[in-house]
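Just below is one structure, and these are the notes that go with it.
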Amino acid sequence: MNLRQAPSWLKNRGYLHITPQIDVYASRKELLSKIKNKNYVAKYAFFPLIHASIDERRYKAHPDTGERCHSYEDKNGEFKKHIKSRPLHYATHMDALILGYYAEVLQNKYENILAKSPSLSECIIAYRKIPDRETGKNKSTIHFAHEVFEEIKKRGKEGDCMVLTFDIKSFFSSLNHQLLKKVWTNLINEDKLPDDHFNVFKAVTRFSYILLDDLRISDRKTGRKAGFDEKKLAKIRNKYGIHAFFESAEEFRNKIKNRELRIHRFPFRDKEKRPMGIPQGLPISAVLANLYLLDFDNEMFNQVVKGLNGFYRRYSDDMVIVCNPQYAAQVELIVMQEIEKHLIKISKDKTEKFWFTKRRFGNQTPRLTAIKLTDTVCKIEAPFTYLGFEFYGDKTLIKSANLAKFYRRMISTVKRKSKQAIKMAEQQGSNTPIIFKRRLFKLYKSANLNKTKIFMRRKSFETNQVGEFRLKSEEKVKDLRSNYFSYVKRASRIMKEDAIKRQVRNHKKLFNQALQRHLKSKE
């Protein structure tokens, strides 16, 4: 099999797990024969997942004062941080390949259903490959946000419009297993799940997991997390020629048996104490999430889009509806009624309403303006935030929190590199730390807006017919590696918004200021 013809799910994964990493290219024929064998999958024993959490610092309102901050001191004098923890679960390499294959099977059938209704297909934008007609490449969140903003602008020319946003509360961990099983069975046009599909279904609904932190060399609770036992990992690599946390599955089972490791079960239950939820991070999780809401999306399309001339988009658990103001209350009622049928809930604190209308400011020409509506006040020019962008009605900007996060990371990198340079200078008895400014700045260097590919000239020697060596020059085309600045320029181009580029105009100044501040010698 040519590597270019290999399915997207058949790929190497670099992480360590319970069982060894797999070189899929060296053993792809064997892997394909097993994974596509229904009897093999039906009897396959899936391993526990590894659970890890990604903590993200949030810029949120103080619970008492309402002032936005990253951290605060509560009434009891305790220091608190605004942190959102995202749980992720990942499977062993073989397990992930099986889940990836069945994800492709379900995704193809799901896409076949949507292909019968192109208008419905346009409404579901997450976890799918949707080609852009202009470039032929797949659309990104930039395109999806731009389409919503353009719809608001179009309706704003004709009159006022309302934008309603809804967020499903704990989406992945709230999926009802019986409903998921039903839609899965209907999708593959069966009366019940075949044995192979049922085994995969059990792997994502009755799973167990171990904590990644339990595999570290110490259980440090604060500060930077401890690393893993590198000596043991090196021994496993050298002695057995494998990359894994354990020498064998038997060693792992003994760790569990001797209570050196603990197996956890997915704890979520509904009011009737029935298990619910699927893990985030598995190759099949995304398609199951979309599949679960297929009937809901159908109802939104029929009742809101066709019935009330609305505009509906769902990006995973994030929904946005643009409609006539007179239908806003009816739309909200429809969403609440239909979502309840799927035994999941809307997060009320994340539900927002925006009224877009033309307003005159001073002697200026009336312009489309965003007004955020709450139960108590109306906030004029409060931006509608969607997929990382802020839309004001007359302009679009990158979300300020995302921009601040980028600058924090940039300054953090400068600080770390500066400390390393100072320490190295002290070891060498020098008062002048040396840092390669251009190399450090290269991480944030802006890419050419019109340059989507780079050309690399590769030189090598080859022999001619008489055995003489000749220098051969070959030009290869390589995709340009994207960075934050190329993302900013791409967003500015797609949205036709110069204000987006101006948001990062001071990045060099901030970079140099951070460098000067952290490279100061000790007094």
For the student: nearest non-hydrogen atoms of [X] and [Y], plus distance:
{"X": "D95", "Y": "F47", "value": "OD2-N, 2.8 Å"}
{"X": "I344", "Y": "L293", "value": "CD1-CD2, 3.7 Å"}
{"X": "E390", "Y": "P383", "value": "CB-CB, 3.8 Å"}
{"X": "A244", "Y": "L16", "value": "N-CD2, 3.7 Å"}
{"X": "P48", "Y": "I18", "value": "O-CD1, 3.7 Å"}
{"X": "L397", "Y": "I500", "value": "CA-CG1, 4.2 Å"}

Flag side-chain contact, heavy atom, 4.5 Å: [X] against [Y]:
{"X": "L282", "Y": "L49", "result": "yes"}
{"X": "K395", "Y": "E497", "result": "yes"}
{"X": "R13", "Y": "Q21", "result": "no"}
{"X": "D394", "Y": "T369", "result": "no"}
{"X": "T413", "Y": "M410", "result": "no"}
{"X": "I152", "Y": "V148", "result": "yes"}
{"X": "Q420", "Y": "K423", "result": "no"}
{"X": "I411", "Y": "L510", "result": "no"}

Worked verdict on E147 versus K139 for salt bridge (Lys or Arg N to Asp or Glu O under 4.0 Å): CA-CA 11 Å; E147 289 170 359; K139 291 183 180 180; 2.5 Å; yes
Candidate pair I168 and I346, rule side chain to side chain contact (heavy atoms under 4.5 Å, CB included), full reasoning: CA-CA 4 Å; I168 301 174; I346 295 294; 4.3 Å; yes
From [atom1] ([X]) to [atom2] ([Y]), nearest 0.5 Å:
{"X": "I22", "Y": "M94", "atom1": "CD1", "atom2": "CE", "answer": "6.0 Å"}
{"X": "L175", "Y": "I278", "atom1": "CG", "atom2": "CD1", "answer": "5.0 Å"}
{"X": "Y127", "Y": "Y315", "atom1": "OH", "atom2": "OH", "answer": "7.0 Å"}
{"X": "I98", "Y": "L31", "atom1": "CD1", "atom2": "CG", "answer": "9.5 Å"}
{"X": "F354", "Y": "T385", "atom1": "CZ", "atom2": "OG1", "answer": "6.0 Å"}
{"X": "S418", "Y": "Q516", "atom1": "OG", "atom2": "CD", "answer": "11.0 Å"}

Is a side-chain N or O of [X] found less than 3.5 angstrom from the main chain of [Y], in a donor-acceptor match?
{"X": "T351", "Y": "S347", "result": "yes"}
{"X": "D214", "Y": "R262", "result": "no"}
{"X": "N12", "Y": "V24", "result": "yes"}
{"X": "Q107", "Y": "V287", "result": "no"}
{"X": "R128", "Y": "I125", "result": "no"}
{"X": "S174", "Y": "S170", "result": "yes"}
{"X": "Q503", "Y": "I398", "result": "yes"}
{"X": "Y209", "Y": "Y90", "result": "no"}
{"X": "S285", "Y": "P279", "result": "yes"}

Intermediate values then yes/no, side chain to side chain contact (heavy atoms under 4.5 Å, CB included), V163 and F391: CA-CA 11 Å; V163 176; F391 181 61; over 6 Å; no
Whether F384 and Y386 hold their rings parallel, tilted or perpendicular, with breakpoints at 30° and 60°: parallel
F406 and Y484 aromatic ring geometry - parallel, tilted or perpendicular at 30°/60° bounds: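 Rings of Y484 and F406: parallel, as their planes differ by under 30°.
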Centroid-centroid distance, F228 to F245, less than 6.0 Å: yes
Of H17, H93, R237, the residue whose pairing with H243 passes side-chain contact (heavy atoms from CB on, under 4.5 Å):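 Testing H243 for a side-chain contact (heavy atoms from CB on, under 4.5 Å) against H17, H93, R237 leaves exactly one candidate, R237.
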Salt bridge (Lys or Arg N to Asp or Glu O under 4.0 Å) between K239 and E247, worked out: CA-CA 9 Å; K239 185 176 180 180; E247 297 177 1; 5.5 Å; no
Verdict with supporting geometry, F149 and M495, side chain to side chain contact (heavy atoms under 4.5 Å, CB included): CA-CA 9 Å; F149 301 156; M495 295 188 169; 4.1 Å; yes
Any side-chain donor near an acceptor of the partner, S316 and D318, under 3.5 Å: no
Test item: side-chain donor near acceptor, R314 and N290, under 3.5 Å: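 There is such a pair between these side chains.
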Atom CD of E250 with >12 non-hydrogen neighbours under 6.0 angstrom: no
Atom NZ of K235 with >12 non-hydrogen neighbours under 6.0 angstrom: no
Worked check of salt bridge (Lys or Arg N to Asp or Glu O under 4.0 Å) between K153 and E150: CA-CA 5 Å; K153 288 180 182 179; E150 286 299 298; 3.4 Å; yes
Pair T165-E352, side chain to side chain contact (heavy atoms under 4.5 Å, CB included): steps then yes or no: CA-CA 5 Å; T165 65; E352 295 181 330; 3.4 Å; yes
